[in-house]
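When reading the values below, keep in mind they use all heavy atoms of this one structure, side chains included, and skip hydrogens, waters and symmetry mates. Just so we're clear, the structure is a prediction, and the values are computed from it rather than from any experiment.
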Amino acid sequence: MKYNANIVSLFGLYCAQGTPLGFALFALPGILREQGADLRFIGLVGLSMLPWAFKFIWASWLENRRPWGFRALPAGLAWIQLLKLLSLAAIAALFWFDPAGHIIGLVVMVTAVNLFYATQDVAVDALAVRTFAGSRHVNVNVGQVAGFSLGMLVGGVVSLYVFYRTGWQGTVLLCLLIQVVCHLPFQLHLRHFARQPAEVAPLGEKGAALRYIFRRKHWKPVILTALLFKSASTLGASLVSPLLVDMGVSLDQIALISGSVLIVSYIAGAVASGVLHRWLSSARLTLIGLSGSLLCWLGMALSLSADRASTQWVFTFFVLEGFFFNLCCVALFAWFMCWSEGEKDGSVVQPGTDFTLLQCCEVLGSSTAMVIGGTLAHYLGFANTFYMAALFGAVIALVIMRCFRRVPDRSPDEPQPLNEVAQ
């Protein structure tokens with residue numbers, strides 16, 4: 001029961017964190033455009049994602065301190081409680097920012113909400129790593145990916161529907177209600193998290209610091225994997241919306257597919273990964289997921305090269321790619337969490353800092369891939385760029401299998417040694 005309660009509590013927290021990001025990515029640009037906002041101002045919404053890319057800067061500072069007013073709780077729990085209150089206050093403040101006339105203030109407040117939740121994510125990830133130390137971290141990462149995806153679905157699609165039905169104030173009230181519901185399991189389970197010090201890995205004597213990650217064994221292949229694993233997927237996925245626009249698909253239909261069906265495929269991929277982990281190692285699932293992803297981009301390229309390119313095939317391959325990629329996403333994040341438990345001799349133990357840096361490396365790799373993808377599509381066309389995404393995906397799969405081989409398996413219940421898969 002305690003194990004399931006831990007999973008449900010963390011699932012709720014990850015769902016709460018995904019909601020404001022989904023709102024910023026999928027809902028707010030459409031809301032602002034409907035209110036007549038200039039596209040230049042709508043582009044400023046992208047600033048709200050910056051805290052998720054740079055949270056590694058303050059991650060170690062967070063791990064080393066307790067916030068004032070919450071001294072009775074362990075540091076991680078204290079930060080979660082404080083940032084929850086700040087996030088709810090910031091969301092409530094949105095009630096007075098009309099998207100028709102307060103665009104700059106609205107973007108600032110949405111960025112603040114994402115800042116609070118990106119910072120809370122550091123503490124939540126550290127809590128997840130410590131609570132499930134010694135396990136494969138599979139179920140908690142199913143909860144992470146599925147919960148965050150569900151939050152993005154609700155924040156990005158459901159809130160957009162509510163806006164059209166009830167207006168801005170109704171949308172803000174919905175976001176507040178979602179946050180309260182998502183935090184409720186953790187709040188009810190708070191005492192259990194607070195009184196299990198035996199299950200929590202202690203910090204190193206020197207405290208957490210970003211530079212310590214570079215003193216750890218095998219940090220190079222782990223960081224290289226974090227930088228690369230999402231690059232080919234992002235390279236292809238970033239081009240799907242422009243492609244569909246060129247094929248004459250309306251923006252409403254594109255939003256429906258990318259915002260709902262795709263996220264459902266993400267959740268399905270995460271759950272399937274959790275089930276398959278009973279029989280397959282993280283390395284095998286990563287290989288299956290990356291292989292499926294590159295085959296989807298290859299199928300996309302072949303369908304565009306045909307005389308009769310069909311939007312149905314584009315939608316199909318896009319959704320399937322989301323499913324396959326999340327098979328490997330859960331596997332790799334579980335592997336990252338295992339590594340983030342720290343060195344066995346206790347010389348470096350800073351789970352929040354280590355895991356946060358790996359997440360930010362993922363964002364950096366994805367951002368670079370988006371720039372490369374747009375440039376390639378401009379000069380080579382969509383079909384040839386999807387061919388390149390498939391080729392790039394194959395190279396990445398080989399490199400990541402090599403990285404798996406170089407990092408010893410730390411999971412006590414891994415079905416099969418990673419070395420055997422990499423070979």
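- Using a 30° and 60° split on the angle between ring planes, Phe23 and Trp168 fall in the tilted class, from 30° to 60°.
- Note on ring orientation: taking the six-membered ring where Trp is involved, the planes of Phe336 and Phe333 are perpendicular (angle over 60°, cut-offs 30° and 60°).
- Below 30°, between 30° and 60°, or above 60°: for Phe404 and Trp335 the angle between ring planes is between 30° and 60°, a tilted geometry.
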### Query
Hey, mind stepping through Lys84 and Gln179 against side-chain hydrogen bond (donor to acceptor under 3.5 Å, both in side chains) and telling me if it holds?
CA-CA 9 Å; Lys84 174 190 65 179; Gln179 297 305 313; over 6 Å; no
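- Between Val8 and His189 the shortest side-chain heavy-atom distance does not fall below 4.5 Å.
- Counted by atom type alone, Thr119 and Trp79 present zero donor-acceptor pairs between their side chains at under 3.5 Å.
- Shown here are the side chain to side chain donor-acceptor pair (under 3.5 Å) partners of Lys230, two or more places apart in sequence or in another chain: Glu362.
- Between Ser340 and Leu358, the closest side-chain pair of non-hydrogen atoms falls below 4.5 Å.
- The closest side-chain donor-acceptor pair between Tyr117 and Thr19, if any, does not fall under 3.5 angstrom.
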With a 3.5 Å cut-off and sequence neighbours excluded, list the donor-acceptor pairs that the side chains of residues 288-300 form with protein atoms.
{"residue": "Ser291", "atom": "OG", "partner": "Leu287", "partner atom": "O", "Å": "2.7"}
{"residue": "Ser293", "atom": "OG", "partner": "Glu321", "partner atom": "OE2", "Å": "2.6"}

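- Contact between Trp52 and Cys360 at its shortest, heavy atoms only, is O-SG, 3.8 Å.
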### Message
side-chain hydrogen bond (donor to acceptor under 3.5 Å, both in side chains) for Tyr379 and Thr385? Distances and angles first, verdict last.
### Response
CA-CA 9 Å; Tyr379 289 104; Thr385 304; over 6 Å; no
